[in-house]
Protein chains: 2
Amino acid sequence: MDARSILLGFLMNRSMTGYELKKAFSISFSFFSGLSYGSIYPALGKMEKEGLIRMQAEMRKSGPNRKICTITAEGRKVFLETLKEPFAFEGTKSIFLTRLFFFAHLAPEERRSSAHRYFESVRQVEKTLQRARPEIEAKADRFQLLCYRFGLRFFEDLSRNIAQTVKALEKE
Amino acid sequence: MDARSILLGFLMNRSMTGYELKKAFSISFSFFSGLSYGSIYPALGKMEKEGLIRMQAEMRKSGPNRKICTITAEGRKVFLETLKEPFAFEGTKSIFLTRLFFFAHLAPEERRSSAHRYFESVRQVEKTLQRARPEIEAKADRFQLLCYRFGLRFFEDLSRNIAQTVKALEKE
DNA sequence: CAAACATATATCGTAACGATATATATCGTT
DNA sequence: AACGATATATATCGTTACGATATATGTTTG
């Protein structure tokens with residue numbers, strides 16, 4: 001799914017500004033998807049032109065002016081069609097494997113420290129996700145909870161997998 | 001690592017054409033990284049201008065003309081510097097979780113069939129990777145073998161994780 | 001002998017990222 | 001009261017990368 005479909009997905013529930021859409025990602029969504037403002041605002045602008053959303057400018061006395069985005073009937077239709085399309089595995093890019101692939105060019109000590117530092121960074125993200133549990137459980141629907149649990153297991157597996165690789169690097 | 005560093009990494013071992021570089025990906029590298037011609041040729045052109053590689057045009061009587069890329073001393077230096085930089089986890093995008101996140105908008109039967117089809121596509125990639133074993137073991141160095149084994153475990157874990165999610169979708 | 005496949009390079013439009021610019025409002029602190 | 005830091009809010013710019021497409025030659029196969 002491209003940026004536009006994801007934005008439409010969020011707007012299916014309620015109207016939001018570009019800023020709110022960005023925040024929506026950082027809460028429950030960030031560990032498996034994410035969009036920057038450089039993607040959000042151009043996508044919103046295009047979708048308004050195409051009639052998938054409406055944007056109402058709101059002049060406020062308190063705080064900077066906002067543009068509230070509301071999905072149209074056409075937008076809902078397009079989103080649901082996209083969601084119904086079948087989807088298959090997409091090759092995931094791994095910075096760790098890309099680096100490991102060329103590790104022959106590093107000294108043994110550089111390999112070990114580099115891999116270990118990466119392992120720690122993964123553990124850090126894992127812990128952050130674990131701590132987000134109350135926040136996510138308060139807001140998520142049934143399927144978003146499945147996403148969260150998938151994420152927990154994913155990081156558990158990933159940690160174990162990297163640990164095994166680090167171990168293999170250490171006995172050389 | 002960006003496209004350029006990966007291309008330099010391959011050129012560390014031997015000189016290659018853009019076409020050969022593309023093929024190098026599809027063998028052992030494709031399941032965790034990959035570049036299209038739309039990335040390769042512009043990146044090679046730029047690196048030649050910057051003096052990281054040399055490109056020798058080869059006029060052949062048999063077959064289309066080629067441009068053989070050779071890494072320079074400066075290119076080797078830049079690659080090794082990049083490889084030595086520390087790296088951390090980068091949020092991985094998952095088409096499965098992005099879809100699952102919005103599954104409330106699908107009918108139960110659509111959810112089940114969609115998730116199951118995705119599961120099958122992952123199994124398919126897993127099997128392809130398993131079958132590539134002899135080919136990879138023949139060419140890979142110690143670290144590239146670690147990449148391969150990481151990949152096998154990764155798909156094993158991923159399959160199990162998706163299967164659990166599919167199971168949760170089925171009992172509703 | 002034609003079709004299909006493999007070799008080989010290159011560009012175009014589009015999507016997306018990350019950085020940056022701009023502006024207002026609030027909150028804490030000295 | 002003044003200051004800096006943080007939060008709210010929109011937008012664009014340069015760059016990277018992808019996927020599709022164009023172009024051309026050579027080889028294999030039905």
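Numbers restart at 1 for each chain; the letters A, B, ... are given by sequence-line order, proteins then strands.
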Need the pair for dT10(D). Rule: Watson-Crick or G-U wobble, both distances under 3.5 Å, any strand; none if unpaired.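 The base-pairing partner of dT10(D), which may sit in any strand shown, is dA21(C).
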
Below 4.0 Å: OP1/OP2 of [N] and any side-chain N or O of [X]:
{"X": "Ser36(A)", "N": "dA19(C)", "result": "no"}
{"X": "Lys67(B)", "N": "dA10(C)", "result": "yes"}
{"X": "Tyr41(A)", "N": "dT10(D)", "result": "yes"}
{"X": "Ser62(B)", "N": "dT25(D)", "result": "no"}
{"X": "Lys93(B)", "N": "dC17(C)", "result": "yes"}

May I ask you to establish whether Lys22(A) and Tyr37(A) are in a cation-pi arrangement, using a distance under 6.0 Å from NZ or CZ to the six-membered ring centre and at most 45° from the ring axis? yes

CD1 of Ile40(A) versus P of dC17(C): gap in Å, rounded? 9 Å

Send over the distance from Asn65(B) CG to dT23(D) P, rounded to a whole Å. 18 Å

Tell me yes or no: between the side chains of Arg123(B) and Thr128(B), is some donor less than 3.5 Å from an acceptor?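 Side-chain D/A pair, Arg123(B) to Thr128(B): absent.
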
Side chains of Asn65(A) and Arg60(A) only: does a donor on one sit below 3.5 Å from an acceptor on the other? no

So which one's nearest nucleotide on DNA chain C is more toward 5', Arg4(A) or Arg60(A)?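 In this pair, the answer is Arg4(A).
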
Can you work out whether Glu20(B) or Ala43(A) has the more 5'-proximal nearest nucleotide on DNA chain C?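 Nearest-nucleotide comparison on DNA chain C picks Glu20(B).
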
Between [options], spot the one nearest the side chain of [X], thanks.
{"X": "Tyr19(A)", "options": "dG19(D), dA17(D), dT8(D)", "result": "dT8(D)"}
{"X": "Thr17(A)", "options": "dA9(D), dT7(C), dA16(C)", "result": "dA9(D)"}
{"X": "Lys46(B)", "options": "dA9(D), dT16(D), dA15(C)", "result": "dT16(D)"}
{"X": "Pro64(B)", "options": "dA11(D), dT7(C), dC17(C)", "result": "dT7(C)"}
{"X": "Ser39(B)", "options": "dT7(C), dA11(D), dA17(D)", "result": "dA17(D)"}
{"X": "Arg66(A)", "options": "dT11(C), dC17(C), dA9(D)", "result": "dA9(D)"}

Give one of base, sugar-phosphate or nothing for Gly18(A), where a contact means two heavy atoms less than 4.0 Å apart. sugar-phosphate

Side-chain donor/acceptor of Arg111(A) to backbone N/O of Leu106(A), under 3.5 Å: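 Yes, the answer is positive, given that a donor and an acceptor are paired below the 3.5 Å cut-off.
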
Taking the side chain from Arg99(A) and the backbone from Leu83(B), do they hold a donor-acceptor pair closer than 3.5 Å? yes

